[in-house]
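Below is one structure, written out as structure tokens; the observations come after it.
Order of listing sets the numbers, starting from 1, for every ligand and every atom in it. We use all heavy atoms of the structure for the numbers below, so side chains are in, but hydrogens, waters and symmetry mates are not. In this text the structure is predicted, and so the values were computed from the model without any measurement.
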Amino acid sequence: MLIRSPKASELTEADITDEAVYQQRRKFIKQLAGAAGGVSIAAALPNSAHAAGWFGSDDDDVAAPRQTLKFKPQARAENMVITAEKKAISYNNFYEFGTSKDDPVNNAQKFRTSPWQVTIDGEAEITGRFDYEDILKKVSLQERIYRLRCVEAWSMVIPWVGFPLGELLKQFKPTSKARYVAFETLVDPEQMPGQRNAWQGGGIDYPYVEGLRIDEAMHPLTLMAVGMYGKTLPPQNGAPMRLVVPWKYGFKSIKSIVRISFTSYQPPTTWNILAPHEYGFYANVNPKVSHPRWSQASERLLTSGGLFDQQRVPTQLFNGYAGEVAALYNNMDLSKDY
Ligand SMILES: Nc1nc2c(c(=O)[nH]1)N[C@H]1C(S)=C(S)[C@@H](COP(=O)(O)O)O[C@H]1N2
Ligand SMILES: [Mo]
């Protein structure tokens with residue numbers, strides 16, 4: 001896929017942001033400029049631009065407020081079909097909140113994502129526990145429109161907002177022993193019903209863990225997402241911060257991250273632990289390597305979110321990103337290192 005960073009002159013935020021939200025944000029930025037220093041961004045952001053609107057008013061759950069973000073937008077290519085936001089934030093896999101596709105949206109609305117801290121440890125010169133807000137200060141946000149291909153053979157096209165993971169990782173100065181990067185999701189059974197027993201949590205031994213080879217983690221396509229559709233992530237999509245590795249099956253894109261470790265060894269990964277013959281460490285999207293129980297040759301592309309909106313499209317090698325990432329796997333047998 002083509003990642004084209006638009007010149008500042010080509011596209012402004014106002015072009016892609018709902019005018020009312022844009023005006024409101026302008027007002028807010030002015031207010032912020034006038035505010036005293038030391039105010040935490042999370043506390044200062046307005047709660048008015050939230051996602052509750054798409055819920056039926058008969059729904060008891062109130063959607064967690066989502067804040068508009070400031071970021072460098074990606075130009076929309078002609079013919080680019082983006083999955084409807086309401087679909088992408090209501091059809092989820094997040095087993096910590098239950099195993100049905102609508103469990104996360106129904107069970108995660110009260111998930112507390114602030115305050116949030118992330119531990120950085122392992123083979124790096126700089127390690128420690130960092131406030132999420134301080135991590136955000138180290139990077140600048142940009143939009144990336146990526147296909148997301150789940151191993152279950154459905155896919156979406158999602159406009160993420162985030163930063164290249166490598167930009168953050170470099171700042172901790174990984175040592176020469178750092179050959180892999182491991183990630184962990186929060187453990188909090190009180191908030192996450194899937195962690196209370198094996199039945200509700202799909203048999204996963206929590207925390208959900210994932211990992212990448214360091215060159216995969218440093219690859220410019222690998223994104224740490226903090227938002228989607230111009231706003232902060234809703235909890236069901238992995239707020240406040242989740243990985244997006246667009247050439248790999250969706251399960252690599254671990255949500256609600258609380259720990260990033262530089263390791264000398266290949267770290268254990270959740271789905272590989274659960275079913276090693278079905279899910280490998282690499283999990284590169286590959287139409288020629290079938291899952292033992294189903295073909296990966298095609299996928300259901302979910303776009304408008306309508307009940308019958310399910311286009312069958314052929315699956316592409318590395319999910320269409322072969323031009324950018326195939327070289328990472330030059331000497332590997334992709335059917336063995338699946
Ligand atoms: N912690 C955690 N991360 C997770 C999962 C999960 O169950 N728990 N599911 C994965 C799977 S299988 C997919 S397809 C994507 C789905 O992301 P989405 O719900 O934002 O589309 O999240 C991945 N990240
Ligand atoms: Mo998935």
Does the salt bridge (charged side-chain N to carboxylate O under 4.0 Å, His left out) test come out yes or no for Arg149 and Glu299, once each step is laid out?
CA-CA 8 Å; Arg149 171 55 158 87; Glu299 64 205 51; 2.9 Å; yes
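Contact of the Trp160 side chain with the Tyr229 side chain is not registered, since no non-hydrogen atoms from C-beta on lie closer than 4.5 Å. Contact annotation: the side chain of Val285 never approaches that of Lys248 to less than 4.5 Å [non-hydrogen atoms, C-beta and beyond]. Side chains of Asn92 and Lys101 form no contact here, defined as non-hydrogen atoms less than 4.5 Å apart. No side-chain heavy atom of Val258 sits under 4.5 Å from any side-chain heavy atom of Thr119.
Note: an N/O pair closer than 3.5 Å links Tyr95 and ligand 1 by distance alone. By the 3.5 Å distance cut-off applied to N or O atoms, Asn237 is counted among the residues near ligand 1.
At least one donor-acceptor pair under 3.5 Å links the side chain of Lys252 to the backbone N or O of Phe281.
Atoms of ligand 1 found under 4.0 Å from any heavy atom of Cys150, numbered from 1 in the order shown, are 14 (S). When each atom of ligand 1 is checked for a heavy atom of Thr185 under 4.0 Å away, the hits are 1 (N).
Ranking the protein heavy atoms by distance from atom 15 (C) of ligand 1 puts Gly250 O, 3.6 Å first. Among all protein heavy atoms, the one lying closest to atom 9 (N) of ligand 1 is Asn93 O, 3.2 Å.
Nearest to atom 21 (O) of ligand 1 by heavy-atom distance, out of Leu233, Leu148, Leu302, is Leu148. When the heavy-atom distances from atom 24 (N) of ligand 1 to Ala88, Ser253, Ala225 are ranked, the shortest goes to Ser253. The option with the heavy atom closest to atom 19 (O) of ligand 1, from among Lys87, Lys255, Gln236, is Lys255.
The aromatic ring centroids of Trp271 and Tyr279 lie less than 6.0 Å from each other.
Looking at Arg242 against ligand 1, only its side chain comes within 4.0 Å, counting heavy atoms. When heavy-atom distances to ligand 1 are checked against a 4.0 Å cut-off, Tyr208 comes that close only through its side chain, counted from C-beta outward. At a heavy-atom cutoff of 4.0 Å, ligand 1 is contacted by the side chain of Glu96 but not by its backbone.
When each of Val244, Val157, Ile158 is paired with Tyr146, the side-chain contact (heavy atoms from CB on, under 4.5 Å) condition holds for Val244 and for no other.
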